[in-house]
S.K.: 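Please find one structure pasted underneath; my questions will follow.
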Amino acid sequence: MKRVFVNKVSKYVGEKVILKGWVYNSRRSGKIGFLTFRDGFGLLQCIVVKNDVGDEKFELFKTLTQESSVIITGEVVKNERAPGGFEILVSDVELIHLSKDYPITPKEHGTDFLMNNRHLWLRSKRQHAILRVRHQIVKAIRDFFDSNDFTLVDSPIFTPNAAEGTSTLFGTDYFGKTAYLAQTGQLYGEASAMAFGRHYNFGPCFRAEKSKTRRHLTEFWMVEPEIAYCDIEEDMQWAEDLLVHIVNEVLEHRLEELKVLDRDVDLLKKTKGPLPRISYTDCIEILQKDGFDIEWGDDFGSPEETHIAEKYDRPVIVHRFPSKIKAFYMKRDPEDEKVVLGMDILAPEGYGEIVGGSERETDIDVLIERIEEEGLNQDDYEWFLDLRRFGSVPHSGFGMGLERVVAWICGLSHIRETTPFARTMGRINP
RNA sequence: UCCGGUAUAGCUCAGUUGGUUAGAGCAGCGGACUGUUAAUCCGCGUGUCCGAGGUUCGAGUCCUCGUACCGGAGCCA
């Protein structure tokens, strides 16, 4: 007899198989029982008939509780009445472990309670679907860069200095010195791009911002490509191609999961290139015309960002921001010194900024000046300045926040469900 | 950090103008039922009313402080 996984049972119709997993739910109607079985690959209805399994096994079945672990033996049959179209006619049930008082019942729960039980919540259908979409997105990202000859070069997590100011960094004791957890791999990415031409890094980032919103985590994953001999226009194109590829891959492989999440797939299907591009200056005009109290030079707040994004049915690229509101390493536009060659991509439906990128400043004097302006210590950036001393070339890159992309694609109301164990301002457990 | 809200059974919540004995559904346990989809039906139990102080003859209810959580803002991916 063969041990099979739930997602493959359709290949074994008429055969007797073994399934190893857990009880998702069980119901009884006299001498026939319905056990919804889960093995991590999917859910499957198992039929336990008293006359088939015998009195002893039927009594055992009656004692099974939610999330007890079981090994089921039975015949795979096709049946329209079963969710998914297939079910198991059980001939034997073996109890591995009896679960007592599983806290998450098949009824409503509050988010705080569920987050306290996150280690168990992961087993539920909805969380399972979200994390499978996340997995698909990660795979799509890696495949995209791999097929375009990018080399994965990891950036360090312990860093001695800040990339963009120190207020948002977590400090740790590093043998008597202060080390910070990386908030971005950006600066190291530039070194890698000069070594490998096309590079990306993909790992966790840490921000100590006291942000308590549905869009913020203190620990999140960011993918950051950096490309040598690349200007801002090409940079936008790379970001667009990556986004479109991610959406296509999820639509191709995870429709079932999107259905579980009740996601409006038609909205996602609109994410096709070319994505609209609009300058910061044009955004300000639109915002002023629509009654927002905003002046050229101000950064967008959340309402402004949402207003711009709502003008489009797909992600929109906003470019050329005032240099004052952007990071020191962004290159100034030679055609207009007041703005930098930076870009953000705003997701539709109010999901906010999912990508931020730029062409990088190559002029070492401008960089030194900007480092001073930001109040940063030049000594910490000498290695970074070396990249402008030895074979400096025009280069660009961007960062894409994985969790925000997952939230948008899944249509979630809060980012905390996009990651297995969310770290937010108020939570570090479980 | 600022603004607003909430805190009552294992879970989700109700609880009137302050009134004497604290309520429901679900989960759990027992029973009925051979096609259930969060099954249904019958029976059974459960409380530091978030904490401390105050007002009052009397506080789950009103006041003060604290704590936790939720929503929003700022900041950002």
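Quick caveat: nothing in here was measured; it's all calculated off a predicted structure. Numbers restart at 1 for each chain; the letters A, B, ... are given by sequence-line order, proteins then strands.
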S.K.: Considering Watson-Crick and G-U wobble pairs with both distances under 3.5 Å, what does U6(B) pair with?
M.R.: A68(B)

S.K.: Please state whether the base of C69(B) and the side chain of Arg427(A) form at least one donor-acceptor pair under 3.5 Å?
M.R.: no

S.K.: Report the distance from atom CG of Asn79(A) to atom P of U34(B), rounded to the nearest whole Å.
M.R.: 18 Å

S.K.: Under 4.0 Å, counting only non-hydrogen atoms across every strand here, what does Leu402(A) touch: a base, just sugar-phosphate, or nothing?
M.R.: nothing

S.K.: Using only heavy-atom distances, determine whether the side chains of Gln186(A) and Glu190(A) contain a donor-acceptor pair under 3.5 Å.
M.R.: yes

S.K.: I'd like to know if Arg360(A) and Glu226(A) make a salt bridge, using a cut-off of under 4.0 Å between side-chain N and carboxylate O.
M.R.: yes

S.K.: Does a side-chain N or O from Ser302(A) land closer than 4.0 Å to OP1 or OP2 of A73(B), or not?
M.R.: yes

S.K.: Pick base, sugar-phosphate or nothing for Lys50(A), based on heavy-atom distances below 4.0 Å to the nucleic acid.
M.R.: nothing

S.K.: Select one nucleotide: of G28(B), G35(B), C76(B), the one nearest the side-chain heavy atoms of Ser29(A).
M.R.: G35(B)

S.K.: Could you let me know what A24(B) is paired to, Watson-Crick or G-U wobble, both distances under 3.5 Å, or none if it's on its own?
M.R.: U12(B)

S.K.: Would you classify Gln45(A) as touching base, sugar-phosphate or nothing, given that sugar-phosphate means primed atoms plus P, OP1 and OP2, and contacts are heavy atoms under 4.0 Å?
M.R.: base

S.K.: Taking pairing as Watson-Crick or G-U wobble with both contacts under 3.5 Å, can you name the mate of A73(B), or confirm there isn't one?
M.R.: U1(B)

S.K.: Pick the nucleotide of RNA chain B nearest each of Met400(A) and His414(A); which residue has the one closer to the 5' end?
M.R.: His414(A)

S.K.: Is it true that Phe292(A) and His307(A) have ring centroids separated by less than 6.0 Å?
M.R.: yes

S.K.: Give one of base, sugar-phosphate or nothing for Val405(A), where a contact means two heavy atoms less than 4.0 Å apart.
M.R.: nothing

S.K.: For a quick test of reading the model: is some side-chain N or O of Arg215(A) closer than 4.0 Å to OP1 or OP2 of G74(B)?
M.R.: no

S.K.: Would you mind classifying the nucleic acid contact of Asn51(A) as base, sugar-phosphate or nothing, using non-hydrogen atoms under 4.0 angstrom?
M.R.: base

S.K.: Quick one: look up who U36(B) pairs with, Watson-Crick or G-U, both distances under 3.5 Å, and put none if it's unpaired.
M.R.: none

S.K.: Expressed in whole Å, how much space separates the P atoms belonging to G4(B) and C63(B)?
M.R.: 15 Å

S.K.: Under 4.0 Å, counting only non-hydrogen atoms across every strand here, what does Gly110(A) touch: a base, just sugar-phosphate, or nothing?
M.R.: sugar-phosphate

S.K.: With a 3.5 angstrom cut-off on both distances, give the Watson-Crick or G-U wobble partner of C62(B), or none if there isn't one.
M.R.: G54(B)

S.K.: Give the nucleotide from the list C2(B), C33(B), C75(B) with an atom nearest to the side chain of Thr213(A).
M.R.: C75(B)

S.K.: Give one of base, sugar-phosphate or nothing for Gly33(A), where a contact means two heavy atoms less than 4.0 Å apart.
M.R.: nothing

S.K.: Would you say the side chain of Glu87(A) and the base of G35(B) hold a donor-acceptor pair, judged only by whether the two atoms sit under 3.5 Å apart?
M.R.: yes

S.K.: Within the structure shown, what part of the strands sits under 4.0 Å from Asn25(A) by heavy-atom distance: base, sugar-phosphate, or nothing?
M.R.: sugar-phosphate

S.K.: Which is true for Thr36(A) with a 4.0 Å heavy-atom rule: it touches a base, it touches only sugar-phosphate, or it touches nothing?
M.R.: nothing

S.K.: In whole angstroms, how far is the C1' atom of G45(B) from the CG atom of Asp101(A)?
M.R.: 13 Å

S.K.: Atom CD1 of Ile47(A) to atom C1' of U36(B): distance rounded to whole Å?
M.R.: 8 Å

S.K.: Taking the ring centre of each residue, are Phe328(A) and Tyr381(A) less than 6.0 Å apart?
M.R.: yes

S.K.: Contact class for Pro103(A) vs. all strands (heavy atom < 4.0 Å): base, sugar-phosphate, or nothing?
M.R.: nothing

S.K.: Please figure out whether Ile32(A) or Met425(A) has its closest RNA chain B nucleotide nearer the 5' end.
M.R.: Met425(A)

S.K.: So what does Phe113(A) touch, heavy atoms closer than 4.0 Å: a base, only the sugar-phosphate, or nothing?
M.R.: sugar-phosphate

S.K.: Give me the distance, rounded to whole Å, that separates C13(B) from G53(B) when you measure between the C1' atoms they each carry.
M.R.: 29 Å

S.K.: Please state the P separation for the pair G28(B) and A38(B) - nearest whole angstrom.
M.R.: 16 Å

S.K.: Do Phe220(A) and Phe206(A) have ring centres separated by under 6.0 Å?
M.R.: no

S.K.: Which nucleotide, in any strand shown, forms a Watson-Crick or G-U wobble pair with C49(B), with both distances under 3.5 Å?
M.R.: none

S.K.: Looking at Arg38(A) and Glu67(A), is there a salt bridge between them, counting it only when a charged N and a carboxylate O are closer than 4.0 Å?
M.R.: yes

S.K.: Would a line drawn from the ring center of Trp238(A) to the ring center of Phe145(A) be shorter than 6.0 Å?
M.R.: no

S.K.: Should Phe34(A) be counted as stacked on G35(B), where stacking needs a ring-centre gap under 5.5 Å and an angle between planes under 30 degrees?
M.R.: no

S.K.: Starting from P on C29(B), measure out to NZ on Lys62(A) and report it in whole angstrom.
M.R.: 12 Å

S.K.: If we take the C1' atom in both G30(B) and G66(B), what is their distance in whole Å?
M.R.: 46 Å

S.K.: Return the pairing partner of C41(B) with a 3.5 Å limit on both distances, Watson-Crick or G-U wobble; otherwise return none.
M.R.: G31(B)

S.K.: Between Lys326(A) and Glu373(A), is there a side-chain N and carboxylate O pair less than 4.0 Å apart?
M.R.: no

S.K.: So, under a plain 3.5 Å distance rule, would you say the side chain of His109(A) forms a donor-acceptor pair with the base of C11(B)?
M.R.: no

